[in-house]
Amino acid sequence: MPVDQTRESWKPGQDWLGAIEEINYIKELGREMGGEYGVARQHRGGRYTIRERIDKFLDPDSFFEAGPLVGGYEYDENGDLRDFTPGAFVMGMGQIDGRNIVIGGDDFTISGGSPHNVSKGASQFATPLASQYGLPYVQLIEGVGHSAKRDEEEGRMALPGGQTWWRHINLLNKVPVASGIMGSVAGAPAAFALLSHFTVMIKGQSQIFPSGPPVVRRAIGETFNKEELGGSKVHVYQSGQVDNEAEDEEDAFDQIKKFLSYLPDTTSDVTERVHNGDDPNRRVEELLRIIPENRKRGYNPRKLVKLVVDNGEFFEMRPHWGGAIITGFARVGGYAVGVVASDPYVMAGAMNGDAADKFTHFVDLCDGFNLPMLIFLDMPGFMLGSQAELNQTMRRGTRALIAAYEADVPKVEFNIRKSYGVAADAPNSMGEPAGVNMRFGWPAGEWGGIPIEGGVAAAYRREIESAENPEAHREMIENRLLRLRSPMKAAHNFDVIDLIDPRDTRRIAFRFIDAAQPMLKRLAQRPKRIIRP
């Protein structure tokens with residue numbers, strides 16, 4: 001942007017106060033971002049600028065900026081600054097609730113976050129600082145990636161070398177990385193956004209794709225607007241590529257803060273206990289009646305989770321995708337835990353491919369950040385049918401088995417009702433051959449290799465078909481086998497540690513989560529592996 005033409009720049013040999021004045025002057029130019037027009041355009045779109053976002057996200061007066069003087073500049077023959085374009089990426093260190101973090105984000109007011117004459121990005125400061133200091137990293141992304149104007153200015157088109165990514169990918173095995181997708185995001189910024197442990201986009205405001213509608217139309221002839229191609233309805237509800245949806249920018253900030261509150265600063269730490277006033281031995285009377293006596297009726301699984309955890313506070317991840325399984329974070333007795341539950345209202349809780357991927361990702365996340373897991377299982381098995389076959393349900397389900405087996409963190413599991421087949425073995429997995437499976441049963445529990453109705457139809461097919469009244473005969477066999485589903489008989493064989501009064505679920509969960517803390521501290525010192533997004 002043009003600068004004050006009447007102002008002479010500081011020259012070496014002049015007094016230091018003049019130098020400081022020059023420094024402050026250029027910093028002030030940088031704070032103007034893309035100028036009045038660029039900022040006004042951002043506001044007309046209902047979006048904050050990156051500097052406004054950082055100010056609203058961080059504790060007041062806690063932001064320490066890195067590289068505020070970086071930009072494209074032009075000096076005249078007298079050494080006076082005549083033009084300055086700030087780098088379209090703002091980054092530094094700040095605090096949320098007194099906790100140090102690293103933060104960075106694109107300035108969309110300058111060439112859509114891609115100024116062709118300035119090279120400034122997270123890899124120059126933000127990601128190295130987060131890695132070396134062991135600080136969570138937050139990205140507030142709204143950028144369009146590489147600019148063709150830069151190719152023309154340099155007179156060549158360079159072959160991508162891949163060096164851009166290694167530092168950021170390596171960060172995923174060290175610290176929590178959370179991304180707010182704040183507007184239209186394409187190209188490299190889109191990849192950076194998804195190289196995160198948590199992602200959130202804003203309803204009606206955010207879109208994310210490798211390339212936007214003009215490139216798609218030119219390349220393959222498809223015509224979509226930005227929202228149709230990559231809005232939250234596509235990626236939060238259908239593809240599952242993005243974890244959560246926010247109502248507005250403030251909601252996105254709040255979700256990122258909540259996510260980080262449950263995780264330690266690094267994969268070599270354990271989340272500190274929070275004393276929140278909820279008695280860990282509190283007996284939950286409502287749990288006694290939450291499961292209907294009619295096994296074909298559903299119940300509210302989120303209410304169940306909230307009754308058990310501290311103060312009913314549950315932060316859910318991917319609530320709109322892979323819905324048969326619920327995943328999220330909570331606390332029990334002040335200890336952070338990862339929570340997995342079944343939703344009987346979605347495919348009766350059966351695991352399909354999406355639910356399997358959701359489970360796999362969440363188990364990896366909890367294991368990587370040393371969070372014990374609290375599981376409420378009501379799993380009738382894998383989803384059946386032609387669509388399930390086309391979606392690779394079994395293959396994706398076996399990956400869930402591998403994730404559970406590889407996870408070292410302790411799991412405290414409550415078999416709420418159904419537990420059938422290979423799909424139920426993923427949450428049931430002990431993690432190592434000699435491990436103790438902390439599995440407890442509720443009185444509503446029914447467990448086996450295959451659900452009774454399907455098992456009867458398969459194993460007794462000829463007998464049923466040859467009966468005088470096949471339907472009545474099938475029902476007679478089912479009722480006969482239903483008498484075998486008593487959880488009492490399973491408990492006699494030590495299939496569970498104990499059958500419990502549901503009202504004691506919270507107390508028992510806390511007992512083992514509290515006992516696991518020394519183990520978690522030892523696990524934190526394990527060799528690290530990349531926690532895949």
Side-chain angles (χ1 to χ4, degrees), residues 30 33 50-51 53-54 57-58 63-73 85-94 100-151 153-154 156-183 185-199 208 210 256 260 265-267 368 528-533:
M33 297 173 286
I50 181 57
R51 293 188 177 278
R53 286 167 179 159
I54 289 173
F57 186 84
L58 295 176
F63 183 51
F64 184 90
E65 186 175 353
L69 300 178
V70 175
Y73 50 84
T85 301
F89 192 85
V90 180
M91 59 185 168
M93 185 170 65
N100 286 315
I101 69 162
V102 178
I103 190 168
D106 306 283
D107 183 357
F108 200 76
T109 69
I110 304 174
S111 301
S114 180
H116 59 89
N117 62 338
V118 181
S119 179
K120 180 185 179 187
S123 64
Q124 294 166 298
F125 175 81
T127 51
L129 180 69
S131 179
Q132 185 175 346
Y133 277 49
L135 299 176
Y137 178 44
V138 174
Q139 308 177 96
L140 302 177
I141 297 180
E142 185 181 14
V144 296
H146 187 78
S147 170
K149 289 183 179 179
R150 184 166 186 170
D151 291 332
E153 186 175 86
E154 293 182 352
R156 70 186 188 96
M157 298 182 70
L159 177 67
Q163 298 94 337
T164 305
W165 307 103
W166 71 266
R167 185 177 281 122
H168 189 97
I169 292 171
N170 190 52
L171 196 65
L172 295 175
N173 70 359
K174 293 185 177 180
V175 302
V177 179
S179 292
I181 300 164
M182 311 308 294
V185 179
F192 280 121
L194 298 177
L195 284 171
S196 304
H197 300 117
F198 175 68
T199 51
I208 185 168
I256 292 172
L260 292 176
D265 284 344
T266 76
T267 54
K528 302 302 181 286
R529 57 186 173 88
I530 292 172
I531 306 167
R532 289 163 293 191

Dump the intermediate steps for side-chain contact (heavy atoms from CB on, under 4.5 Å) on Leu58 and Phe64, then the final yes or no. CA-CA 11 Å; Leu58 295 176; Phe64 184 90; over 6 Å; no
The test is side-chain contact (heavy atoms from CB on, under 4.5 Å); show your working for Leu195 and Trp165 and say whether it passes. CA-CA 10 Å; Leu195 284 171; Trp165 307 103; 3.9 Å; yes
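Residues satisfying the ring pair (Phe, Tyr, Trp, His ring centres under 6.0 Å) test with Phe57, not counting sequence neighbours, are Phe253. Looking at residues two or more places apart in sequence or on another chain, you find a side-chain hydrogen bond (donor to acceptor under 3.5 Å, both in side chains) between Arg51 and Glu65. Considering only residues two or more places apart in sequence or on other chains, Thr127 meets the side chain to side chain contact (heavy atoms under 4.5 Å, CB included) condition with Ala122, Ser123, Tyr137, Arg167, His168, Leu171. Scored by the side chain to side chain contact (heavy atoms under 4.5 Å, CB included) test, Ala190 finds Val185, Ile208 as partners (sequence neighbours excluded). Arg532 is linked by a side chain to side chain contact (heavy atoms under 4.5 Å, CB included) to Asp364, counting only residues two or more places apart in sequence or in another chain.
The backbone N or O of Gly121 lies less than 3.5 Å from a partner atom in the side chain of Gln124, making a donor-acceptor pair.
Rounded to the nearest 0.5 angstrom, Asp265 CG and Leu135 CG are separated by 6.5 Å. The distance from the NZ atom of Lys528 to the CG atom of Leu172 is 14.5 Å, given to the nearest 0.5 Å. Distance check, rounded to the nearest 0.5 Å: OH of Tyr133 to OG1 of Thr266 gives 15.5 Å. Thr85 contributes atom OG1, which lies 14.0 Å from atom CE of Met33 (distance to the nearest 0.5 angstrom).
In this structure, the side chains of Met91 and Val102 stay at 4.5 Å or more apart for every pair of heavy atoms. When side chains are defined from C-beta on, Asn170 does not count as touching Ile530, because their heavy atoms never get closer than 4.5 Å. You'll find the side chain of Pro136 reaches within 4.5 Å of the side chain of Ile101, heavy atoms only. Residues Ile141 and Asp106 are in side-chain contact: their nearest non-hydrogen atoms beyond the backbone lie under 4.5 Å apart. With contacts defined as side-chain heavy-atom distances shorter than 4.5 Å, the pair Ile256/Phe198 qualifies. Annotation: side chain of Leu129 is in contact with side chain of Met93 (closest heavy-atom distance under 4.5 Å). With a 4.5 Å cut-off on side-chain heavy atoms, Ile103 and Ile54 count as touching. Residues Val144 and Pro189 are not in side-chain contact: their nearest non-hydrogen atoms beyond the backbone lie 4.5 Å or more apart.
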Name every donor-acceptor pair, under 3.5 Å, that has one atom in a side chain of residues 173-182 and the other anywhere in the protein, sequence neighbours excluded.
residue : atom : partner : partner atom : Å
Lys174  : NZ   : Ser131  : OG           : 3.0
Ser179  : OG   : Gln139  : NE2          : 2.7
Ser179  : OG   : Ala193  : O            : 3.2
Ser179  : OG   : Ser196  : OG           : 2.5

